[in-house]
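Being a predicted model, the structure only gives us computed values, none of them experimental. Start at 1 and go down the list; that is how both ligands and their atoms are numbered.
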Amino acid sequence: MTKIQAIRGMHDILMHETPNWQYIEQSIQNVLDQYNYKEIRLPIIEKTELFKHAIGDNTDIVSKEMYSFEDKNNSSITLRPEGTASCVRAGIEHGLFHNKLQRLWYMGPMFRYEKPQKGRQRQFHQLGVEAFGFKGPDIDAEQIMICSRIWKTLNIKNIKLEINSLGSSESRLKYRKILVDYFLSKKNDLDEDSLIRLEKNPLRILDSKNKDMQSLIKNAPPINEYLDSQSTEHFSKLKEILDHAKIQYDVNSKLVRGLDYYEKTVYEWKTQELGAQDTLCAGGRYDNLVETHGAKSTPAIGFAIGLERLVELSCFEKISDQTTAHVYLLLSGNNTKKHGLLLAEEIRDKLPNIKIETNCGEGSLKSQFKRADKSGAQIALILGEDELEKKQLTVKYLRNDKPQITIKSQEISDFLDKSLLIE
Ligand code: ATP
Ligand code: MG
């Protein structure tokens, strides 16, 4: 049989990488705790109609990128391409928005059928953060501050914030007409993709990555001239809070998001250190989404960070030495296995912060010492039949020249505690 490989665009995260992921996930959780955001865990599959309805039929995600299947009952289900739709669904289903304010977060895999390339996978991971019931712009600023604190915690530099306002759905409709007129007058200069977008989702032309389109886009009428007064005020208050907090940003009046549900505030954090896929984080306000799912109108805002891109950007010098064992227990002789396994358990009971690896499987002392060395342990404990009989252990130092000693079995935990000085 030919070897079976992983599905294209879906990656294993191997053991040398997981410590970095754990570090990042833990750091993010600590930051979110500081703001008292609460974790919500959502299914990774939902009914296809949920995403279609929330994200919009004419978006890239729904029109091209969804992993949709029929289940055994012939219902169409979809692997989630993003988390906001599920979060809104769950919130409505459990009455979480009913006269309540919610600050929520989730982390996990997302699936999009995209062309795999650097920074773009078919299974990737996101942190999603959402707040419900807040009109803003204070909460808009709070979420931008959360991002900023995550970058600071993970020592990520050279990252830039771009913000924009898309206005209300009514003002956006007016702007859409003006934009369509503009692009229609330049129809001959539009690329194939933009011609399709012109009919289906004209604002997305502004998001085109095609270099030949850039001057056309640059000269397009800017959305900020067509905003309704409420959105203009919301946006200027947000800028005022950011200025006061000394959070730098650029207003990019051509910034639109790829999902239909956004209005008013939208933003992206970009870096030049990731190559072509330069957006690390994207967010915005979606005040109408809860209502269009059949519940009472609830203002909402959220953002998502691509965790693969975050892992790539973060610096991890100190993490690898936290993943090595502290103690390796060598066993020789027939009778020692069960005693050794129990001894290691007793050490773990007394010293929960010590990593102790017991030699499992057979092997000469020489080969066990090789494994001990590989484990990174500082101390090797040897339990042979002789030691067992005398109720003691031989201690050998693996990383210095100190002579080997023997220690009574019942004193081993105290000895390790003193010798290893693990916090
Ligand atoms: P793009 O315009 O690059 O396709 P998007 O608008 O589809 O981005 P969002 O849906 O806003 O992106 O997702 C938020 C973040 O999730 C992105 O900024 C990125 O960091 C990450 N992300 C999105 N799609 C992928 C993917 N296919 N592979 C890896 N990370 C991704
Ligand atoms: Mg995309």
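A donor-acceptor distance shorter than 3.5 angstrom exists from the side chain of N219 to the backbone of S215, with no hydrogens or angles considered. For R80 (side chain) and F111 (main-chain N/O), no donor-acceptor pair under 3.5 Å exists by modelled atom type. A distance-only check finds a donor-acceptor pair linking the side chain of S27 to the backbone of Y23 [under 3.5 Å]. Panel note: side chain Q368, backbone L331; a donor-acceptor pair is recorded below 3.5 Å. Judged by distance alone, the side chain of S63 and the main-chain N or O of T59 form a donor-acceptor pair under 3.5 Å.
For the pair K174 and Y226, the cation-pi test (distance below 6.0 Å, angle within 45°) is failed. Note that R112 lies outside the cation-pi zone of Y67, set by a 6.0 Å cut-off to the ring centre and a 45° limit from the axis. Note that K374 lies outside the cation-pi zone of F369, set by a 6.0 Å cut-off to the ring centre and a 45° limit from the axis.
Within the listing of ligand 1, atoms 28 (N), 29 (C), 30 (N) sit less than 4.0 angstrom from a heavy atom of G119. Distances below 4.0 Å separate heavy atoms of T279 from the following atoms of ligand 1: 17 (C), 18 (O), 19 (C), 20 (O). The atoms of ligand 1 that sit less than 4.0 Å from any heavy atom of A282 are 11 (O).
The residue from R257, R112, R120 that puts a heavy atom closest to atom 10 (O) of ligand 1 is R112. Checking M110, R309, K209, E114 against atom 27 (N) of ligand 1, the nearest heavy atom belongs to E114.
Atom 14 (C) of ligand 1 has its closest protein heavy atom at Q126 NE2, 3.3 Å. Nearest non-hydrogen protein atom to atom 22 (N) of ligand 1 is F124 CE1, 3.5 Å. Counting protein heavy atoms only, atom 21 (C) of ligand 1 is closest to G306 CA, 3.6 Å.
Counting only heavy atoms, the protein never gets under 4.0 Å from atom 8 (O) of ligand 1.
At least one N or O atom of L280 sits closer than 3.5 Å to an N or O atom of ligand 1. Considering backbone and side-chain atoms together, Q121 places an N or O closer than 3.5 Å to an N or O of ligand 1.
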